[in-house]
> 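Encoded as structure tokens, here's the structure I'll be asking about.
Hydrogens, waters and symmetry mates play no part in the numbers below; they use all other heavy atoms, side chains included.
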Amino acid sequence: MKPRFIAYLAAIALIVSLIGASAASPAIAGSGVTREIALAGTGSPVAGEFTPSGSATDLEFPAQEDEASPAAFDGTIDRSLSRGSGSGLVTATAKKAKSNPQLGTSFEGLNFYQQRYSRGGNQFSVEPPDQGMCVGNGYIVEAVNDVFNVFNFSGASVLPDNTSTNVVAGHPRNVNHAIDLNSFFQYPPAIDRTTGVRGPNVTDPTCYYDAQTQRFYLVALTYALTATNNLQENHLDIAVSTTSNPTGTWHIYKVDVTNDGTFTVPENACPCLGDYPHIGADANGFYVTTNSYPWNGNGFNGAQIYASSKRQLASGSATVYVTHIDTFASVNGAMTGETPSIKQPGFTLWPAQSPGTTSYELGAGGTEYLLSSNAADEATHPVSGTGGNYTSSQVVLWALTNTSSLDSTPSVSLSDTVLAVGQYALPPKADQPGSGSAATTDSPQGYCLNNETTVLFNGAHGCWKLLVSATAHARGTATVARLDSNDTRMQQVMYANGKVWGALDTAVSFDTTPAHNKAGVAWFIVKPDVSTGSVTGSVALTGTNGYPDKNITYPAIGVTPSGRGVVAVTIVGSAINPSAGYAAIDAQAGMGDVQIAAAGAAPDDGFTNYKQQLNPPRPRWGDYGAAAVDGNTIWIASEYIAHACDYTTWGGPFFAGGTGDNLLGTCATSEGGVGTRAALGNWSTRISKLTP
């Protein structure tokens, strides 16, 4: 997702060295439209061809190429219509869950340095990472924006070491064997830093290991732009491992979604972006859902469901049938094309994943459950995004039935039901140490943007000159940001122990002062029923968790077949750097207190925090975490800040008399050494094993 605008933003390509100081048809009501998708080819986790990047100062943020003459439309659609925050009227609760998860193996996964300098540095600086992670057959697959790795259960990468060939600015770069997603899906580099030619944008990765078919499934949203930054093509890339070993080959299918979600309201006309893809599976099918946003407008065209036979995908079939269902339901009758059989507009329908091989819903010919929320503008004001009050006391349970038909002649049916829950609301941004104050040396990029006195390697004064133009510098003081806490879209959903489990970000309050609201988690455990052919259900347990002195964000739930679960979160506050956390959850006591799996070492120092880099700033964090069940254990992954770096080390030899790396901001202590971050950001991910 990005609750948001496109995440491929950055300010300047900081590879500076010291030397050079099938067109798709819209869905219709009923069971949707089925199309035949051909196998597009194969991919593997090996870096593609590239020209090593050297001394370069190429701009990465298109709007900075000519600040006086921006393009008529720069492609920065928001991809989240809601603004501000809602009222956190529900006093947060934190109960003692039945289980006390035991933290086992825990290690740093992918990070900003590896993302920026894979494929010889022919990458953009990207944030947020967006956490895709799946586990099975002794492997952990992790994919984020825009890099990929495979680990064993001890945390070591099992991909081939590519250090010697990964040359950036004259030196081999150790990115812990990681490869870029463009390579994985067989595309040219995100940007060729010799020619400036840009490849397709590959974003929003998510993955799933299916124990029944013993295959890994990886999905990403890929789009290409015209020379004027208009959307040329947008498709879902679906990769399926050919065996249970994810280090080998994968079959790749491409589903064009450029014109899915077209309606007769002019401001919502496609081409559209099939944003925020997420995946689920039942006994029969593999499901991808998206949010459809018009590229040239500020509306919303509903959520889309793409259903296919997971056995066809697992076998590498030459063609696969994909059934596309639109979930738009008009709130005020202003739009046409809606599906009349549903009660609520679909927004972020998150499809359920099931642990193991026996946790599926077999009723009604096979059923896939989904959950969604309806507090955001996408559900209340989808035409113009004019704004509601960003609160709700409902969640929507969905069921796609007769999924057994997907193996032969697809004939599925979608229904939904609205369930009453406690009030949740659009959360406020999350504070971190120093929020609202001028950046200190704990945030070296931010401090650099304000600095007028540091002597640079070329004798000039002012660190900011390494990063931005004089026009951008004049925008004012770089301050430590409050981090994006998402909107109210549903987060990871599970179907386990006969129940549907989900959670989302919400505002929580402990007094009547709105400014005291914090970001917290609302969680839902639902008992579904499809015995009548259409879905009904009841809420088994629900609640809200939060703290008066900290924020918990981007929940991702994993639940074992026996009903013991873990919620992965980021935890951050005025005295807590962004950290990777977790809490137990069960159907008896609900979600317990949050524990820290790995403490954050510094504040977030990403380029989207600062108005000199991005104006106005939008401090991107998360979008989603991940949890994966492997037998009786649950692996979780969340974004956090793994490393601290002081200002002097960040500047290295770019400061007069300094030493260190010949790439700005990597914080490596030697030239060509292993960095802990890059100049424009410092995010990392944390992968942890828990036994509930």
> Tell me the closest heavy-atom pair linking Ala587 and Leu541, and the distance in Å.
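Between these two residues, the closest heavy atoms are O-CD2, 3.5 Å.
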
> Is the number of heavy atoms from other residues, nucleotides or ligands under 6.0 Å of Asn632 CG greater than 12?
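At most 12 heavy atoms, drawn from other residues, nucleotides or ligands, come within 6.0 Å of this atom.
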
> Salt bridge (charged side-chain N to carboxylate O under 4.0 Å, His left out) with Asp605: which residues, sequence neighbours excluded?
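Listed in chain order: Arg677.
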
> Answer with yes or no after comparing the ring centroid distance for Phe151 and Phe107 against a 6.0 Å cut-off, counting only values under it.
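Between Phe107 and Phe151, which both carry aromatic rings, the centre distance is below 6.0 Å.
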
> Please identify each residue that fulfils salt bridge (charged side-chain N to carboxylate O under 4.0 Å, His left out) with Asp282, with sequence neighbours left out.
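Salt bridge (charged side-chain N to carboxylate O under 4.0 Å, His left out) check on Asp282 returns nothing, list empty.
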
> In terms of relative ring orientation, are Trp350 and Tyr624 parallel, tilted or perpendicular, with 30° and 60° separating the classes?
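Because their plane-to-plane angle is over 60°, the rings of Trp350 and Tyr624 count as perpendicular.
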
> Can you list the steps and then say if Tyr495 with Tyr360 is a ring pair (Phe, Tyr, Trp, His ring centres under 6.0 Å)?
CA-CA 7 Å; Tyr495 177 67; Tyr360 307 118; 8.6 Å; no

> Can you give me the closest heavy-atom contact between Asn145 and Pro128, atom names plus distance?
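Answer, listing the atom of Asn145 first, then Pro128: ND2-O, 3.2 Å.
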
> List the atom of Asp604, the atom of Asn609, and the distance in Å for their closest heavy-atom pair.
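Closest heavy-atom pair between Asp604 and Asn609: OD2-ND2, 3.0 Å.
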
> Considering residues at least two apart in sequence or located in another chain, which fulfil the side chain to side chain contact (heavy atoms under 4.5 Å, CB included) criterion with Ala602?
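Result, side chain to side chain contact (heavy atoms under 4.5 Å, CB included) vs Ala602: Ile641, Ala644.
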
> Quick one: salt bridge (charged side-chain N to carboxylate O under 4.0 Å, His left out) partners of Asp630, sequence neighbours excluded?
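Asp630: no salt bridge (charged side-chain N to carboxylate O under 4.0 Å, His left out) contacts found.
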
> Can you name the one residue among Thr553, Asn551, Asn486 that meets side chain to side chain donor-acceptor pair (under 3.5 Å) with Asp505?
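Of Thr553, Asn551, Asn486, side chain to side chain donor-acceptor pair (under 3.5 Å) with Asp505 is met by Asn486 alone.
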
> side-chain hydrogen bond (donor to acceptor under 3.5 Å, both in side chains): which pairs involve residues 567-579, sequence neighbours left out?
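Of all non-adjacent pairs touching residues 567-579, those that pass side-chain hydrogen bond (donor to acceptor under 3.5 Å, both in side chains) are Thr570-Trp621.
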
> Just jot down the ring-ring contact (aromatic ring centres under 6.0 Å, His included) partners of Tyr287, sequence neighbours excluded, or say none.
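Tyr287 satisfies ring-ring contact (aromatic ring centres under 6.0 Å, His included) with no other residue.
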
